[in-house]
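So the structure is just underneath, and the comments pick up after that.
This chain uses plain numbering: 1 for the first residue, then up along the sequence. Fair warning: this is a prediction, and the values are worked out from it, not measured in the lab.
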Amino acid sequence: MEKRGGFLVKSFLIKPNLNEVYPIATHGKGIYLYDDTGKQYIDGSSGAVTACIGHAIPEIIEAMIDQAKNVSFVYRSQFTSDPAEKLALKLNQLVGANEDYWSFFVNSGSEATETALKVALQYWQEQGKNKKQKILSRWVSYHGITIGALSMSGHVSRRERFVALLEDYPTVPAPYCYQCSLNLTHPSCQLACAKELETAILREGAENIAAFIVEPIVGAAGGVIIPPKGYYQKIREICDNHQILFISDEVMTGIGRTGKMLGLDHWCVDADIIALGKGMSAGYAPIAATLVSDKVMDPIIKGSNSIMSGHTYSANPQSAAVALAVLEFIENHSLIDLVKTNGEYMLEKLKTASKVIEIIGEVRGIGLLIGVEFVSNKEKKQSFSKSISITNSVVKKAKEKGLLVYPSAAGKEGAYGDAVILAPPFIIKKHEIDQLIAIFIEAVLDVQNELDQLRREEK
């Protein structure tokens, strides 16, 4: 039962937690959201790291209305449309520095990574290499919730209900220097985690492997894990040496979130296939994309001349027009440069604040994608027991105080730790960053004090 207009009514909407009562969002403006009681929330995570340019931006609303006046839907096997063609061209201009990329439009990040999987398999099939069917991926990773995307994900809690249905894809450790699964230290490790890819390839046989997929910076599965210098250059080299495609899952990191157009740009490495989503339309319409390089398209064009994938709403002109308007807004307002400077400011302020907070183990990030990992012992980097639910406590306490943050897994194998992600809209101002951090620190200290009280009572 939920309260609506002063009355208790039964809700038939399936929400993430069926026992929880959620506030009703009524409107948003800039970096803020408001509920039906008038309470204001700082959107400190851009929803699910999605609303990258903020809420109720006039230019985007205008683009939505203009397109709706013309045509909102055409089926991709019957028509193309001007917005979809322009969007594909724009994306190629933004990411195709060293080679051209073709766009396959879908509706979500999960669909984008699963389409990447299908394209990788078809690339080898078109060349008669039908044995290359396996996709390698990493533990402590998340590529989506559909069965194919989840098979590629090393996110323990999201896999566990469906293990019987999933392919056994995750095999390689993540470049997680703070909680190294190999118990090594960078740089003396000499990028052992990258070399583990070669070990996995030799074990499985390169003749059986179609592609290796990564998040350039691990998001929800690890609380913003940033690999050390040289890691992706080594990964690219290993993939090339063994004739394995390299897929970059930029659903969370793409479209400027890290202070560059793509997360992988920080390492000056190109992927064969790129998955985009989330910030591509900034949450104003459902759309995502699988970008396929000329190298991968070439045998398909010479062969079947068709990619076997598609969804009813793929490339619909309404969503395409919105995404195009979002990309133009980001360009016109130089928001990626702003992300870089704001991100550096926010990261430094958070790191300084965290030094005196016992339960914060590490603050890490690039641009406006920042992870905060919680530990019970800083020196040992020891995670809390799952039963304590530190992540949920911090998320809930922050929300009570008017700040939205994004929950994340963390710790050894991404199964035993706690973290949250801070990823506000690109348009956030410095004084708003200060306000966000002040609320966040207050929420974390409240959780820490409650833990201390519990410990005292147990004694």
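Contact annotation: the side chain of Y284 approaches that of I57 to within less than 4.5 Å [non-hydrogen atoms, C-beta and beyond]. A 4.5 Å side-chain heavy-atom check between D272 and K295 finds at least one atom pair inside the cut-off. Proximity of F212 to I201: side-chain heavy atoms (C-beta onward) are nowhere separated by under 4.5 Å. Counting heavy atoms from C-beta on, the side chains of Y313 and S319 never come closer than 4.5 Å. Looking only at side-chain heavy atoms (C-beta outward), D270 and E99 stay at 4.5 Å or farther from each other. Contact of the I255 side chain with the K278 side chain is not registered, since no non-hydrogen atoms from C-beta on lie closer than 4.5 Å. Contact annotation: the side chain of K349 never approaches that of I433 to less than 4.5 Å [non-hydrogen atoms, C-beta and beyond]. Between L197 and C239, some side-chain heavy-atom pair lies under the 4.5 Å cut-off.
Using a cutoff of 4.0 Å between basic side-chain nitrogens and carboxylate oxygens, K234 and E237 are scored as salt-bridged. For R236 and D240, the salt-bridge test passes: some basic side-chain N is under 4.0 Å from an acidic carboxylate O.
Formation of a donor-acceptor pair under 3.5 Å by the N107 side chain with backbone atoms of H311 is not found in this model. Between the side chain of S141 and the main chain of R138, a donor-acceptor pair closer than 3.5 Å is present. In terms of modelled atom types and a separation under 3.5 Å, the side chain of K134 and the main chain of D168 share a donor-acceptor contact. The main-chain N or O of G402 is never found under 3.5 Å from a side-chain atom of Q40 such that the two would form a donor-acceptor pair. Of the possible polar contacts, one joining the N449 side chain to the L445 backbone as a donor-acceptor pair under 3.5 Å is found. With hydrogens and angles disregarded, a donor-acceptor distance shorter than 3.5 Å links the side chain of H266 to the backbone of T258. Put simply, the side chain of S408 never gets that close to the backbone of V420: no donor and acceptor are under 3.5 Å apart. Judged purely by atom type and a 3.5 angstrom limit, S248 has no side-chain atom pairing as donor or acceptor with the backbone of I274. Proximity of a side-chain donor or acceptor of E114 to a complementary backbone N or O of A149 within less than 3.5 Å is detected. One N or O on the side chain of T50 and one on the backbone of A48 form a donor-acceptor pair closer than 3.5 Å.
Contact detail for A271 and F246: the closest heavy-atom pair is CB-O, 3.6 Å. Of all heavy-atom pairs between A210 and I135, the closest is CB-CD1, 4.1 Å. Smallest separation of non-hydrogen atoms from S153 and P170: O-CG, 3.4 Å. Considering all non-hydrogen atoms of both residues, A200 and T171 come closest at CB-OG1, 3.9 Å. The two atoms that bring L369 and V49 nearest to each other are CD1-CG1, 4.2 Å, heavy atoms only. Closest heavy-atom contact between L350 and V363: CB-CG1, 3.9 Å.
Remark: K396 NZ to E400 CD distance equals 6.0 Å, nearest 0.5 Å. Taken from CZ in F329 to CD1 in I60, the straight-line distance is 6.5 Å, to the nearest 0.5 Å. Atoms CD1 and CG, on I336 and L94 in that order, are 7.5 Å from each other to the nearest 0.5 Å. The structure places CZ of R161 at 12.5 Å from CG of L150, a figure rounded to the nearest 0.5 Å. One finds the CZ atom of F374 at 10.0 Å from the CD atom of Q448 (value rounded to the nearest 0.5 Å). For the atom pair CG of L291 and CG of L91, the computed distance is 5.5 Å after rounding to the nearest 0.5 Å.
The salt bridge (Lys or Arg N to Asp or Glu O under 4.0 Å) contacts involving residues 373-386 comprise R364-E373, where partners must be two or more places apart or lie in separate chains.
For T253 and E250, the side-chain atoms include at least one donor-acceptor pair closer than 3.5 Å. In the model, W102 has a side-chain atom that pairs as donor or acceptor with a side-chain atom of D294 under 3.5 Å. In this model, a donor atom of one side chain and an acceptor atom of the other lie less than 3.5 Å apart for R257 and S46. With hydrogens and angles left out, the side-chain atoms of S387 and S385 include a donor and acceptor closer than 3.5 Å. Inspection of the H143 and D249 side chains reveals an N or O donor paired with an N or O acceptor under 3.5 Å. Using modelled atom types and a 3.5 Å distance limit, the side chains of D434 and Y345 yield a donor-acceptor pair.
Heavy atoms from other residues, nucleotides or ligands lying under 6.0 Å from NZ of K229 number 12 at most. For E198, the CD atom sits in a packed shell: over 12 heavy atoms of surrounding residues, nucleotides or ligands are nearer than 6.0 Å. For NZ of K86, the number of neighbouring non-hydrogen atoms (other residues, nucleotides, ligands) closer than 6.0 Å is 12 at most. In this structure, Y416 places its OH atom where only 12 or fewer heavy-atom neighbours from other residues, nucleotides or ligands lie under 6.0 Å away. No more than 12 heavy atoms of other residues, nucleotides or ligands shown are found within 6.0 angstrom of NZ on K29. The number of heavy atoms from other shown groups lying within 6.0 Å of NZ (K90) is above 12.
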| message | For a side chain to side chain contact (heavy atoms under 4.5 Å, CB included) check, start with the C-alpha distance between L451 and F384, then their side-chain angles and the critical distance, and finish with the verdict. | response | CA-CA 11 Å; L451 279 170; F384 285 96; 3.7 Å; yes
| said: Could you walk me through whether K351 and L347 satisfy the side chain to side chain contact (heavy atoms under 4.5 Å, CB included) test, starting with their C-alpha distance in whole Å, then the side-chain angles of each, then the deciding distance to 0.1 Å, before giving a yes or no? | reply: CA-CA 6 Å; K351 282 186 172 182; L347 184 64; 4.0 Å; yes
| request: Please lay out, stage by stage, how H333 and E59 fare under the test side chain to side chain contact (heavy atoms under 4.5 Å, CB included). | output: CA-CA 12 Å; H333 293 82; E59 292 93 323; 3.8 Å; yes
| said: Checking E196 against T199 for the side chain to side chain contact (heavy atoms under 4.5 Å, CB included) test, could you report, in this order, the C-alpha distance in whole Å, the side-chain angles of both residues, the deciding distance, and whether it holds? | reply: CA-CA 5 Å; E196 283 290 301; T199 301; 4.3 Å; yes
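Checked options D43, I441, I31, I42; the residue passing with L436 is I42 (criterion: side chain to side chain contact (heavy atoms under 4.5 Å, CB included)).
Aromatic ring pairs are classed by plane angle as parallel below 30°, tilted from 30° to 60° and perpendicular above 60°; the pair Y232 and W267 is perpendicular.
The side-chain hydrogen bond (donor to acceptor under 3.5 Å, both in side chains) test applied to Q453 returns R456, E457, not counting sequence neighbours.
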